[in-house]
Protein chains: 2
Amino acid sequence: MIELKAEQLEIIQKMSVFQVRAGMPPTEARILALLLVSDRTELTFDEIRETLNTSKSAVSTALNTLVLRNKVESITIPGDRKRYFKHQLKNWNSNAKDGLEKLLSVNQLLKEILAVRTSETEDFNQDLKNVIAFIDFMQVELVQVFEKWNKQQQKENN
Amino acid sequence: MIELKAEQLEIIQKMSVFQVRAGMPPTEARILALLLVSDRTELTFDEIRETLNTSKSAVSTALNTLVLRNKVESITIPGDRKRYFKHQLKNWNSNAKDGLEKLLSVNQLLKEILAVRTSETEDFNQDLKNVIAFIDFMQVELVQVFEKWNKQQQKENN
DNA sequence: CTTTTGGTTCTGAATTAAAAGAACTAAAAT
DNA sequence: ATTTTAGTTCTTTTAATTCAGAACCAAAAG
């Protein structure tokens, strides 16, 4: 059972509200937030369960999907039976990238729609073409932004 | 009642599955998709209700939230009592921008977390700083990307 | 003024999602 | 060999969404 200051509890609260709004299940959101604020960055299954006062089953499934989604890594320490769970901060970047790509993949459908539309509605079709062009543009630009970031990071590590 | 080809029905299906996965309620998703594929781009309440075979209450609440979220606009034609509903394609761009900004606003919370963290966990804190720096970077870059797009559009309209 | 139209709002009912609880399992410890 | 540990998986319960159906309402038409 991890002792948390009032501040830390508040942040867990705020952070998980935020993530839940974005579509994440509450237990997952609270685990992620706990792993961000906790003084120890590697917590056991039971520490998480006790601290968040949640059932084993809920913690188990939440942790498994978090590990699957590369949001959390599970660490085993030789000679210690328990697994330790740690927030995968390092993957934030690439998770963000994946998320954006998924958002932009709607463009495929928009192109299908354009192909099927009547040619009568010129203005509407032009607006649709603009949206498609915009998303295509974003896709290209975002790749460049990510590349720029990676280069900048490499420099700093010299 | 709008007549739809098989193709159009399929796209409504695919598109709404996509949007529902992203967290949108089914009726809203189907209305949006219908307004994208339909040959007529402005449909009445009852055309929507009949075509999607849905209850008045469901259509009413869905349309109202869609209008509220600037996804659909409602048009009134003088001398016609009915309202016509039309997909707000033009707002796609700014809706996307708002969505991204909201995503990036998580950074405020991450900064709070960093401020509250113990200084013992140097590596973790450094990773957290990197994430924060990354999001700050994205924020700046995205503004530029949007500006670039807008300029490019202005040019084309000359 | 009464009726019709074009919706809205207010219950439920049905579905879905999330969490709890309990039974289970594999590995490790005794 | 039995028990404990660390967690998983299955079933049930609870809670939240979503939709339908009916009553309702305001503006326009007759």
If you take all heavy atoms of T51(B) and I2(B), which pair is closest and at what distance?
OG1-N, 3.1 Å
Rounded off to whole Å, could you give me the CZ-to-P distance for the F45(A) and dA26(C) pair?
18 Å
Would you call the rings of F137(A) and W149(B) parallel, tilted or perpendicular, taking 30° and 60° as the class edges?
tilted
Given the structure, check if the side chain of K56(A) and the base of dG7(D) hold any donor-acceptor pair shorter than 3.5 Å.
yes
Write down the distance between CD (E50(B)) and P (dG7(C)), rounded to a whole number of angstrom.
13 Å
How close or far is atom P of dT4(D) from atom CG of D80(A), stated in whole angstroms?
20 Å
Pick base, sugar-phosphate or nothing for D46(A), based on heavy-atom distances below 4.0 Å to the nucleic acid.
nothing
S57(B) (side chain) and dG21(D) (base): donor-acceptor pair under 3.5 Å:
yes
Under-4.0 Å side-chain N/O to phosphate OP1/OP2 contact, R30(B) with dT18(D)
no
Would you kindly check whether a donor in the side chain of R81(B) faces an acceptor in the base of dA29(D), or vice versa, at under 3.5 angstrom?
no
Same apolar cluster (I L V M F W Y, side chains within < 4.5 Å links), L52(B)/L9(B)
yes
Using a cut-off of less than 4.0 Å, is there contact between a side-chain N or O of R49(A) and OP1 or OP2 of dG21(C)?
no
How is T44(B) classified with respect to the nucleic acid when contacts are heavy atoms under 4.0 Å: base, sugar-phosphate, or nothing?
nothing
Do N70(A) and N95(A) have side-chain atoms, one donor and one acceptor, less than 3.5 Å apart?
no
